[in-house]
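One structure below.
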Amino acid sequence: MNPAGLHIVEVGPRDGLQNLSAFVETGRKIDLIRKLAASGIREIQAGAFVNPQAIPQFRDMKEVLAGVREHGKTDGVVLTTLVPNLQGARNAVAAGVDKLDFFFSVSRSHNLNNVRQTPEESLEALRRVLEAFRSAPGLSFRVNLATVFGCPFEGYLDTATILRYVERTARLGIREITLCDTVGWGHPAQVEEILKGCLGGFPDVLFGVHFHNTRGLGVANALKAWETGVRVFDAAVGGLGGCPFAPGASGNVATEDLVFLFESMGIPAGIDLERLLEAASFLQGLLPDTPLSSSLFRAGPPRRVPFQ
């Protein structure tokens, strides 16, 4: 257990790859996940069980999960996948995931555009997933609430609306909820207001955050979330990512930037930064035409050089 309570969830193999036009070969996905695990990351979102016609990148999820499990290369790592419905959950459980990450949007417009359901229909789908798998041994659940910090179709949603969906999710028995800035509209004052409402209103729920750096505020928002009391942070190696169904969405907060932030403040992340940067370099090699947005990857860690 990290003594600081900090827990970084790597979502690069899912959120980082889902928007790419080119298919990343199965073996390379497996290699990436193993390199991330070798850096010390203890929870990795390996992909998504969604309709392959909608997101072809994840048509090989069964093979990816089988590959990363082989020879115990990810022992001690919680492997998760995103699922939007009962069929996705069935496929994920059959493939041997440790945790189901169910997702829906608090914005009606975005949810209809993303999963062709209203938020209420998604909540009913979540209820069916829990009914089917709540007693499955060793399986845990997380719910990701999208567009919490802004929606490209509806703008900013009021905090009361967000808290209503948190309450309805918690009422189903979910005790792990991640609040997502799907399109990078969030700012620190808003982050503080929403998180205070969530942490104060639902003390038995473990809240996490998922920030995108679309407008340059991802790391600032993460710091404000930490100061407000959140200890679980999604991040993507290299800073890749973006929702295919949200116009204007772009990359996540880079995992290496987040680790550098916390380590610089004396908050241990439990992650080997050099090995994490090696994973980012591997990812860049896979995607030579897609520059990584990570600041630390581009600039490197601080190093003294001889004065001339």
Side-chain angles (χ1 to χ4, degrees), residues 6-25 28-29 31-41 43-45 57 149 180-188 191 209-226 233-244 246 248-308:
L6 174 64
H7 182 60
I8 294 179
V9 180
E10 174 59 55
V11 300
R14 193 276 303 176
D15 202 349
L17 302 184
Q18 69 179 7
N19 229 4
L20 299 176
S21 57
F23 181 76
V24 177
E25 191 266 323
R28 301 287 74 80
K29 288 174 183 166
D31 290 341
L32 175 62
I33 292 169
R34 287 179 173 174
K35 288 179 182 295
L36 291 166
S39 76
I41 294 171
E43 184 169 344
I44 299 174
Q45 196 176 79
Q57 189 65 251
F149 301 95
C180 304
D181 187 11
T182 308
V183 288
W185 283 22
H187 56 82
V191 167
V209 288
H210 177 114
F211 292 126
H212 284 233
N213 200 43
T214 313
R215 290 163 181 83
L217 293 180
V219 171
N221 289 336
L223 180 57
K224 178 56 69 176
W226 172 269
F233 297 83
D234 285 5
V237 62
L240 289 184
C243 175
S250 61
N252 292 266
V253 171
T255 312
E256 54 270 34
D257 290 351
L258 208 56
V259 171
F260 180 64
L261 165 72
F262 287 120
E263 293 281 356
S264 298
M265 296 169 60
I267 301 166
I271 296 170
D272 185 321
L273 194 52
E274 289 296 331
R275 298 192 79 169
L276 182 58
L277 286 169
E278 288 172 9
S281 182
F282 174 79
L283 177 62
Q284 185 65 93
L286 292 180
L287 309 170
D289 298 324
T290 305
L292 302 186
S293 64
S294 160
S295 296
L296 192 70
F297 178 74
R298 293 198 306 265
R303 290 189 176 92
R304 293 180 63 181
V305 296
F307 180 73
Q308 300 297 325

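Worth knowing before you read on, the calculation uses all heavy atoms, side chains too, and leaves out hydrogens, waters and symmetry mates.
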Fill in: Heavy-atom pair of closest approach, residues F260 and P302
CE1-CD, 3.6 Å

Worksheet item: Hey, does the side chain of Q57 reach the backbone of A22 with a donor-acceptor pair shorter than 3.5 angstrom?
Response: yes

Item to complete: Grab the two heavy atoms, one from V209 and one from A225, that are nearest each other, plus how far apart they are.
Response: CG2-CB, 4.1 Å

Worksheet entry | Pairwise distance CG(L217) to NZ(K224) - rounded to 0.5 angstrom | 12.5 Å

Practice prompt. Please round to the nearest 0.5 Å and tell me the distance separating atom CG of L283 and atom CG of L17.
Written response: 6.5 Å

Fill in: Backbone of G238 reached by a side-chain donor or acceptor of E256 within 3.5 Å
yes

Worksheet entry | Sidechain-backbone polar pair: R298 side chain, S293 backbone, donor-acceptor under 3.5 Å | yes

Item to complete: Check whether any side-chain N or O of D181 sits under 3.5 Å from a backbone N or O of G186 as a donor-acceptor pair, and report yes or no.
Response: yes

Discussion item. Under the criterion side chain to side chain contact (heavy atoms under 4.5 Å, CB included), I'd like the reasoning laid out for E278 against K35: C-alpha separation, chi angles, the key distance, then a yes or no.
Written reply: CA-CA 8 Å; E278 288 172 9; K35 288 179 182 295; over 6 Å; no

Item to complete: Go through L6 and W226 one step at a time and tell me if the side chain to side chain contact (heavy atoms under 4.5 Å, CB included) criterion holds.
Response: CA-CA 9 Å; L6 174 64; W226 172 269; 4.0 Å; yes

Fill in: Flag, side chain of Q284 to backbone of L287, donor-acceptor distance under 3.5 Å
yes

Worksheet item: Taking R215 for the side chain and V183 for the main chain, is one N or O donor matched with an acceptor at less than 3.5 Å?
Response: yes

Discussion item. If you compare all heavy atoms of G239 against all heavy atoms of S294, which two are closest, and at what distance to 0.1 Å?
Written reply: N-CB, 4.4 Å

Worksheet item: Between CG of D15 and CG of N252, what distance do you get to the nearest 0.5 Å?
Response: 4.0 Å

Item to complete: Tell me, with the steps shown, if L32 and R28 meet side chain to side chain contact (heavy atoms under 4.5 Å, CB included).
Response: CA-CA 6 Å; L32 175 62; R28 301 287 74 80; over 6 Å; no

Discussion item. Give me the atom names and distance for the closest heavy-atom approach of P13 to I44.
Written reply: CG-CG2, 4.0 Å

Item to complete: Indicate the atoms forming the closest heavy-atom contact of A280 with L292, along with that distance.
Response: O-CD1, 3.3 Å

Fill in: Point-to-point distance, once rounded to the nearest 0.5 Å, from CD of E10 to CG of L36
4.5 Å

Worksheet item: Judged by atom type as modelled, is there a donor-acceptor pair below 3.5 Å linking the side chain of S281 to the main-chain atoms of L277?
Response: no

Discussion item. Just verifying a value: how many Å separate E43 CD and D234 CG, rounded to the nearest 0.5 Å?
Written reply: 8.0 Å

Worksheet item: How many angstroms lie between atom CD1 of I8 and atom CG of L258, to the nearest 0.5 angstrom?
Response: 4.5 Å

Practice prompt. Begin with the C-alpha distance, continue with both residues' side-chain angles, and end with the deciding distance and a verdict on side chain to side chain contact (heavy atoms under 4.5 Å, CB included) for F211 and V191.
Written response: CA-CA 10 Å; F211 292 126; V191 167; 3.8 Å; yes

Discussion item. If we ignore hydrogens and angles and just use 3.5 Å, is the side chain of D257 paired with the main-chain N or O of L296 as donor and acceptor?
Written reply: yes

Practice prompt. Indicate the atoms forming the closest heavy-atom contact of P291 with D289, along with that distance.
Written response: CD-O, 3.5 Å

